[in-house]
Amino acid sequence: MNQINRGGLEGIVAGQTSLCTVGVDGVGLTYLGYTIEDLSEHACFEETAYLLLYKKLPNAIELESFRERLCKQRDIPVPLKIVLEQLPKQSHPMDVLRTGCSVLGCLEPEAGFAEQYQAAERMLACMPSVLVYWYHFHNSGQRIEVETKSDSIAGHFLELLHGHPPSELNQRAMDVSLILYAEHEFNASTFTARIVASTLSDFHSAITAGIGALRGPLHGGANEAAMELIDRFQDPDAAEASLVEMLARKEKIMGFGHRVYKKCDPRSDIIQVWSKRLCEACGDQRLYPVSERIEQVMRREKRMFPNLDFYSASAYRCLGIPTAMFTPLFVLSRISGWAAHIFEQRADNRLIRPSADYIGPEQRNWKPIDQRG
Ligand code: COA
């Protein structure tokens, strides 16, 4: 069986990128040559986003100016607020972000590709506001101000959500999580965004499509599904017993496995440390031990390792984030990676249009309607 017939484009090199390496030798992740370990240890999310958009680490003046531009663009237009108010309370927040992004494309269309950097910065700056404005309107009945004093997206988001500035620990945990989610080569949503960009469509259409692809549980939606799994168990023994049964029924365990990494997901080790710290800080005795036992069972029974989404779930819970907002947080970060790929696609564009092996019926004669069975 050749690679194409196995489906899913597994192992197929579908283009070139200078942005990211994933799983070279089965492990490892780099953004423009910097390892994810260095970035999550030393960088803030804004530095990481700048690196992806402008292909260099910012100096102090560039970083300050980038932060200022992002802070100034957090507000959202009134017609967008009205749309958010009209959406049902039961909407999935991913649908809200997808809609918000699309509405922004109507209200503030990209006038030409020369404006792509402004479009990307605007979107990074205001999508947290879209998400949290909708959330508070429908859940606490408030039309919140979408401005805070925080100069970071992590701090701004947590303050908008909770109504007070986060602790230093919580802010840094969120910042690291955003760094880890920022970029990941030709994953399904990024490839989707590149396909849309390759038709010479606009920035907002490409990002809207990316959000749609990210929503599914085989991709970004796995962090929510992992949380739902962990929440089923009161203690590690109950988790182990149930996991063994699930695996016997050949069920997929969300938050495990990866198409490209073969030995480990380097992002998981990083977020796991933060999950442990956050669980200790908030005094939770269940989430981390249950998660750890699920990991042990998966390693023992399936030789499978957790991906980024698994320990992100317990970390986000400790940060007080509603489960349905887990994947939307991924969006708030990945906008940086998607934007960088859209720029890269546009800089050397060729329409992405693969072929398929035909497996349908042979050519046949047309039948008038009264002769059909
Ligand atoms: N739990 C249990 N078994 C799993 C599994 C999981 N999370 N992921 C893969 N497997 C098994 C499959 O059942 C399959 O077994 P089989 O050969 O006996 O049928 C085998 O491993 C290959 O899986 P497949 O789904 O074909 O691999 P893929 O490369 O297409 O899938 C993922 C990659 C990420 C989609 C897959 O591992 C998955 O669905 N994981 C859960 C969702 C998730 O966490 N997504 C986030 C990714 S960052």
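In each ligand, atom 1 is the first atom listed, and ligand 1 is the first ligand listed. Hydrogens, waters and symmetry mates play no part in the numbers below; they use all other heavy atoms, side chains included.
- Taking only nitrogen or oxygen atoms, main chain and side chain alike, Asn307 reaches within less than 3.5 Å of ligand 1.
- Counting only non-hydrogen atoms, the option in Ala188, Pro306, Ala222, Ala225 that gets closest to atom 43 (C) of ligand 1 is Ala222.
- The residues Lys276 and Asp284 are annotated as not salt-bridged, no charged nitrogen and carboxylate oxygen being separated by less than 4.0 angstrom.
- For residues 171-203, every residue pair satisfying the ring-ring contact (aromatic ring centres under 6.0 Å, His included) rule, not counting sequence neighbours, is listed here: Tyr181-Phe330, His184-His258, His184-Tyr261, Phe186-Phe191, Phe186-His341.
- Taking all heavy atoms of Arg259, Glu10, Glu301, Lys252 into account, the minimum distance to atom 24 (P) of ligand 1 is reached by Lys252.
- Scored by the side-chain contact (heavy atoms from CB on, under 4.5 Å) test, Ala241 finds no partners at all (sequence neighbours excluded).
- The residue Ala226 has no part lying near ligand 1, judged by heavy-atom distances below 4.0 Å.
- Judged by distance alone, the side chain of Ser333 and the main-chain N or O of Leu178 form a donor-acceptor pair under 3.5 Å.
- Residue Ile253 holds the heavy atom nearest to atom 2 (C) of ligand 1 of all those in Ile253, Val260, Asp265.
- The side-chain tip of Arg372 points at the ring of Trp366 from less than 6.0 angstrom away and within 45° of straight on.
- Counting heavy atoms closer than 4.0 Å to ligand 1, residue Leu308 contributes nothing at all.
- Using a cutoff of 4.0 Å between basic side-chain nitrogens and carboxylate oxygens, Asp235 and Arg293 are not scored as salt-bridged.
- Taking the six-membered ring for Trp, Tyr117 and Phe343 have ring centres closer than 6.0 Å.
- Residue Leu218 has at least one N or O atom closer than 3.5 Å to an N or O atom of ligand 1.
- Between Met304 and ligand 1, no pair of N/O atoms sits closer than 3.5 Å.
- An N or O contact shorter than 3.5 Å links Gly255 to ligand 1 by distance.
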